[in-house]
Amino acid sequence: MTGFLTRRKRTHYCGHLKASHAGEDVVLMGWVNRRRDHGGVIFIDLRDREGLVQVVFNPDVNPDCHAEAGRIRNEFVLAVHGRVRRRPEGMENPDLGTGDVEVMADELEIMNESKTPPFVLDQMTDVSENVRLKFRYLDLRRPEIQRNLILRSGIAAAARDFFYRNGFIEIETPFLTKSTPEGARDYLVPSRVNPGTFFALPQSPQIFKQLLMVSGFDRYFQIVKCFRDEDLRADRQPEFTQIDVEMSFVSEEDVVRIMEEMIAHLFRTCLGRDLVLPFPRISYRDAMSRFGKDSPDTRFGLELRDLTDILKGSGFKLFSEIASGGGSIQAIKVDDGKSLSRKDLDDLKDFVSRFSAAGLAWARVNPEGWTSPIFKFLTPGEVTAITEKMGARAGAVIIFVADSPGVVRDALGHLRIHLAEKLGLIDPKAFAFTWVTGFPLFEFSETEKRYVSTHHPFTAPVPDDVPFIESDPGSVHAQAYDLVLNGSEIGGGSIRIHRKEVQALIFKALGLGEEEARNKFGFLLDALEYGTPPHGGIAFGLDRLVMMMTGADSIRDVIAFPKTQKAACPLTDAPSRVSVEQLMELSLKIAT
RNA sequence: GGGGUCGUAGUUAAGCUGGUUAUAACGCCGGCCUGUCACGCCGGAGGCCGUGGGUUCAAGUCCCAUCGACCCCGCCA
């Protein structure tokens with residue numbers, strides 16, 4: 001059993017062999033993807049990171065070797081010595097990268113056996129995610145997911161390359177840091193040395209990267225894990241990776257320009273795709289009114305139109321009442337509504353009810369008028385005005401939602417995506433980037449009955465708006481920007497406040513007392529008094545970016561060892577209980 | 001915290017209005033097979049129907065609870 005590795009070195013990856021290797025002796029090491037035992041000749045598809053190649057065991061070449069090959073089962077680890085040859089005429093496999101050749105084995109070592117795996121490792125077999133995650137080390141042998149992680153590595157490498165060449169310095173920031181109860185829930189780590197106190201795992205290196213600007217590093221980046229203890233989604237994990245960037249002496253424009261070059265560099269080197277620069281930009285206000293959300297998917301139309309003015313005096317009571325109560329009536333239009341059945345349209349009511357939208361109506365536009373449950377309530381003038389405003393031709397379907405403006409946008413924003421997916425209006429190969437700018441600095445929180453930061457409390461206001469911070473906080477714009485790709489926010493950043501007077505105004509507007517602010521962010525406030533340069537930055541969600549670039553449906557398919565929706569790991573069984581001794585050492589007691 | 005979909009063989013699924021021994025495909029085991037490539041042919045093994053309780057003469061099927069997976073809302077500055 002031993003000896004092969006001392007005698008032989010691996011010469012090639014399985015997936016690299018091609019016709020030009022014909023006639024060469026090679027040594028391959030890998031896993032058995034599949035065996036086809038014909039009684040006489042035995043075929044083995046041997047797999048490694050780079051792909052598959054067919055290995056042939058023929059009793060005429062080496063009877064002992066052929067006999068040994070009879071023991072082989074799936075996922076055994078083999079070392080094979082043999083000669084590459086072109087496959088016999090007509091035996092090529094065009095579906096296999098190495099399909100022109102095969103390896104005639106004359107020496108075999110079974111380096112390790114394998115239990116029968118719980119699932120077959122090919123793309124035809126679909127396996128539930130809990131089984132996949134429980135046996136993640138096997139799941140990760142599948143070529144599709146290996147491809148994702150290999151591309152991820154390439155993207156990170158390309159990003160580093162870009163940053164190094166553009167004068168950015170990579171600096172690590174602490175994972176054991178201070179809890180700042182603004183924003184997401186923190187993951188806490190108890191301190192043994194300081195009983196009763198806790199570190200927090202960083203939600204982002206925000207404050208540290210700003211301090212690095214105070215220190216004069218000028219351009220910083222880091223590809224770094226961040227942690228947020230919030231509920232999971234298909235594109236959200238409790239630990240995730242950011243490409244984190246901060247720059248000194250820059251404007252919003254400077255950050256946006258260099259970062260879109262960085263993104264273009266990633267797409268060019270990793271996908272071979274040339275993106276058109278500069279990326280389109282849209283204001284927050286336009287994004288909300290045209291797309292119903294601040295991360296618009298611009299791959300398709302179905303834009304929102306406001307019909308409140310036309311319908312506020314309408315004979316359709318639901319509409320007129322909502323309009324007179326300060327609500328809004330908006331609509332989207334599907335140009336070719338033939339494939340939407342009456343039932344489909346009626347079911348949309350259920351869909352928008354998820355967003356607590358009260359009223360939904362629809363209309364089919366015909367050459368002679370509308371087919372619509374609300375047609376009889378509308379005047380011909382209203383029908384014409386709406387048809388015109390929507391730009392609806394015969395065959396179109398108009399879908400109306402009436403409720404408070406926020407609810408309407410939310411409902412229609414989701415509905416347009418739902419319909420675009422259902423109707424196949426989305427080009428799966430498109431990458432539609434959009435910068436969203438001009439965010440409000442504050443949003444009024446109904447739950448907290450106060451203004452809260454839209455971005456974070458260090459975001460700089462647009463200079464012209466500074467006078468209104470106290471008098472009219474809702475009108476103040478931020479020097480903030482989000483990068484959106486196909487409707488998904490993949491990055492966001494801002495110019496930061498570098499003067500303490502402005503910072504003090506912001507804290508005041510947020511209802512944050514001087515003492516409280518000092519307690520939470522004192523060190524940053526101190527730093528602002530020692531010559532902080534103007535600075536700003538951005539952070540990209542690497543996982544989401546890789547998801548988009550690989551076409552993965554789930555963030556879990558681009559992370560080697562992800563958590564389930566309950567924020568647990570089926571492989572290691574984390575999180576788990578710990579011993580009383582461990583708890584005592586930390587001065588902790590479980591209350592429940 | 002809330003809404004939804006789903007848990008049946010190793011895996012993926014079927015199982016109707018409750019009724020005899022719970023099906024199939026793939027995988028697995030054995031046999032045959034010297035050119036297959038999702039090899040083929042013959043035979044075989046394999047089940048706590050997620051768990052607990054209830055209704056019933058009878059439960060995979062109905063009801064309640066609970067655990068778990070996924071999707072969504074809230075949440076995620």
Side-chain angles (χ1 to χ4, degrees), chain A residues 33-46 52-61 66 73-75 87-96 98-99 102 104 115-135 138 180-186 203-204 206-207 226-238 240 350-357 407 410-411 414 417-418 439 441-443 445-448 451-459 478 480 489 492 494 506 510 512 520 539 541 553-554 556 563-566 568 570:
Chain A
N33 195 61
R34 232 171 235 286
R35 91 194 141 98
R36 291 177 293 282
D37 184 344
H38 285 240
V41 70
I42 296 171
F43 300 99
I44 298 288
D45 291 336
L46 197 63
L52 295 178
V53 71
Q54 174 164 280
V55 179
V56 186
F57 294 92
N58 190 315
D60 303 337
V61 173
H66 174 263
R73 294 294 180 272
N74 282 350
E75 301 308 317
R87 293 198 183 186
E89 191 73 34
M91 297 294 159
E92 298 88 355
N93 182 352
D95 297 331
L96 199 61
T98 62
E102 60 191 4
M104 301 301 289
K115 284 169 63 170
T116 303
F119 49 88
V120 187
L121 306 183
D122 59 26
Q123 63 255 54
M124 298 78 161
T125 317
D126 92 70
V127 185
S128 71
E129 260 194 273
N130 30 344
V131 178
R132 287 178 56 196
L133 291 183
K134 184 150 191 168
F135 295 92
L138 296 179
T180 52
E182 294 268 318
R185 244 175 243 116
D186 284 322
Q203 298 178 22
S204 96
Q206 183 60 36
I207 290 175
C226 301
F227 306 85
R228 289 177 194 177
D229 187 5
E230 295 295 343
D231 287 349
L232 286 75
R233 285 284 192 284
D235 61 354
R236 240 158 56 187
Q237 282 274 304
F240 59 99
D350 293 333
F351 182 86
V352 299
S353 70
R354 287 216 303 254
F355 309 97
S356 63
V407 169
D410 199 27
H414 282 93
I417 295 167
H418 174 72
F439 285 87
L441 188 63
F442 305 107
E443 285 167 330
S445 163
E446 291 298 338
T447 47
E448 295 184 51
Y451 281 97
V452 296
S453 293
T454 305
H455 200 51
H456 59 61
F458 320 114
T459 304
E489 183 200 327
S494 62
I506 300 293
L510 291 172
L512 209 60
K520 284 180 182 170
D553 296 323
S554 156
R556 296 179 297 278
K563 306 280 188 287
T564 65
Q565 204 181 38
K566 277 257 164 69

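Throughout, protein chains are lettered first and strands after them, A, B, ... in sequence-line order, and every chain is numbered starting at 1.
Nucleotide A69(B) has U5(B) as its partner under the Watson-Crick or G-U criteria, with both atom distances under 3.5 Å.
Separation of the C1' atoms belonging to C39(B) and C6(B) is 35 Å when rounded to the nearest angstrom. Comparing the C1' positions of C57(B) and C72(B) gives a spacing of 44 Å, expressed to the nearest Å. Across U20(B) and G60(B), the matching C1' atoms stand 16 Å from one another, rounded to whole Å.
When rounded to the nearest whole Å, the span between CG of L96(A) and P of A38(B) equals 9 Å.
Dashed line: the shortest gap from a side-chain N or O of H38(A) to OP1 or OP2 of C32(B) is not under 4.0 Å. Contact check, S128(A) against C70(B): no side-chain N or O comes under 4.0 Å of OP1 or OP2. Contact check, T116(A) against G27(B): no side-chain N or O comes under 4.0 Å of OP1 or OP2.
Under 3.5 Å, the side chain of R228(A) and the base of C76(B) form no donor-acceptor pair of N or O atoms. A donor N or O paired with an acceptor N or O is not found under 3.5 Å between the base of G74(B) and the side-chain atoms of E230(A). Contact annotation: side chain of R34(A) to base of G27(B), donor-acceptor pair absent below 3.5 Å. One cannot find a donor-acceptor pair under 3.5 Å joining the base of C39(B) and the side-chain atoms of R35(A).
Of the possible polar contacts, none joining the Q54(A) side chain to the G99(A) backbone as a donor-acceptor pair under 3.5 Å is found.
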For nucleotides 2-10 of chain B, list the nitrogen or oxygen atoms of the protein found under 3.5 Å from its nitrogen or oxygen atoms, one pair per line.
residue : atom : partner : partner atom : Å
G10(B)  : O2'  : P118(A) : O            : 2.7

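Within the nucleic acid shown, E75(A) has no heavy atom closer than 4.0 Å to any nucleic acid atom. Among the atoms of the strands shown, base atoms are found under 4.0 Å from some heavy atom of S204(A). Using a 4.0 Å heavy-atom cutoff across all strands shown, T459(A) reaches no nucleic acid atom at all. No engagement by R185(A) is indicated, since no non-hydrogen atom pair under 4.0 Å with the nucleic acid exists.
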